[in-house]
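Input: a single structure, listed below in structure tokens.
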Amino acid sequence: ILPDINSAYISGLLDSDGTINFYKYQNNETFRYQLTISISNKNRCNLEFLLNVFGGNIYFDKGGNGHYKWSANSKLLHLKLYDYFFKFPPKTVKSHRTFLIKEFHELNSNKVYLDDNKLSMNYKIWQRFKIRWDNKN
């Protein structure tokens, strides 16, 4: 029986073999942030059920002796994962980031990170968010 949306198994996979982080992408003079949620495994068959449950993509990463990586890079998929993790929260330090997925997308959509005036509210909101993202407690 394969795990499904009503199983906490996927949270356990994120705890053991997953990552959740956002990255800054520079394009000439502009930049943006991209949230990535991924789970890696040596065997593709151990990740394929995620395509049926959530969607996303699986690719082969040649680094570290090679492994398959399932990744979720769309806002729609992130919000679906947010709802899932709210129901089945991870048990490791990664759990605090799962609860910040929705806030990341709200701030990212409003492009608060573009405000570099240290006295502005947007600048302060983005700086506080980054501190909360990195805080593991």
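For this chain, numbers begin at 1 and follow the sequence in order. No hydrogens, no waters, no symmetry mates; every other heavy atom, side chains included, goes into these values.
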Tell me the closest heavy-atom pair linking [X] and [Y], and the distance in Å.
X: Tyr123; Y: Lys118; answer: CD2-CA, 3.5 Å
X: Ala72; Y: Leu77; answer: CB-CD2, 3.3 Å
X: His105; Y: Lys75; answer: ND1-CG, 3.5 Å
X: Pro3; Y: Val53; answer: O-CG2, 3.7 Å
X: Phe31; Y: Lys24; answer: CD1-CE, 3.3 Å

Please examine the side chains of [Y] and [X], heavy atoms only from C-beta on, and report whether any two atoms are closer than 4.5 Å.
X: Ile20; Y: Ile101; value: yes
X: Arg132; Y: Glu103; value: yes
X: Tyr23; Y: Thr36; value: yes
X: Ile39; Y: Leu50; value: yes

Treating [X] as the side-chain partner and [Y] as the backbone partner, does any N or O pair qualify as donor plus acceptor under 3.5 Å?
X: Asn43; Y: Cys45; result: no
X: Trp70; Y: Asn46; result: no
X: Asn108; Y: Tyr33; result: yes
X: Asn117; Y: Leu119; result: yes
X: Thr98; Y: Ser95; result: yes
X: Lys42; Y: Gly66; result: yes
X: Asn28; Y: Thr30; result: no

Going by atom type alone, with no hydrogens or angles, which donor-acceptor pairs under 3.5 Å involve a side-chain atom of residues 85-92 and a protein atom two or more places apart or on another chain?
unit_1, atom_1, unit_2, atom_2, d
Lys87, NZ, Asn6, OD1, 3.4
Thr92, OG1, Asp15, OD1, 2.6
Thr92, OG1, Lys94, N, 3.3

*Mind checking whether Phe129 and Trp133 have parallel, tilted or perpendicular rings, split at 30° and 60°?*
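Taking Trp133 first and then Phe129, their aromatic rings sit tilted (interplane angle of 30° to 60°).
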I'd like to know if [Y] and [X] are part of one continuous hydrophobic network [Ile/Leu/Val/Met/Phe/Trp/Tyr, side-chain heavy atoms within less than 4.5 Å].
X: Trp126; Y: Met121; value: yes
X: Leu51; Y: Phe60; value: yes
X: Ile58; Y: Tyr9; value: yes
X: Leu13; Y: Ile5; value: yes

_Using salt bridge (charged side-chain N to carboxylate O under 4.0 Å, His left out), reason through Glu106 and Lys102 one step at a time and then give a plain yes or no._
CA-CA 6 Å; Glu106 289 171 5; Lys102 192 179 270 188; 6.0 Å; no
Working to the nearest 0.5 Å, report the span between [atom1] of [X] and [atom2] of [Y].
X: Leu81; Y: Ile37; atom1: CG; atom2: CD1; answer: 5.0 Å
X: Lys69; Y: Tyr59; atom1: NZ; atom2: OH; answer: 4.0 Å
X: Arg97; Y: Asn21; atom1: CZ; atom2: CG; answer: 4.5 Å
X: Phe49; Y: Leu2; atom1: CZ; atom2: CG; answer: 7.5 Å
X: Asn57; Y: Asn73; atom1: CG; atom2: CG; answer: 7.5 Å
X: Leu114; Y: Arg32; atom1: CG; atom2: CZ; answer: 12.5 Å

*For atom CZ of Phe99, decide whether the heavy atoms of other residues, nucleotides or ligands shown that lie under 6.0 angstrom number more than 12.*
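Atom CZ in Phe99 is crowded, with more than 12 foreign heavy atoms closer than 6.0 Å.
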_Centroid separation under 6.0 Å, is that true for the rings of Phe54 and Tyr84?_
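They qualify: ring centres under 6.0 Å apart.
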*Is the distance between the ring centroids of Phe22 and Phe104 less than 6.0 Å?*
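Aromatic pair counts; centres sit under 6.0 Å.
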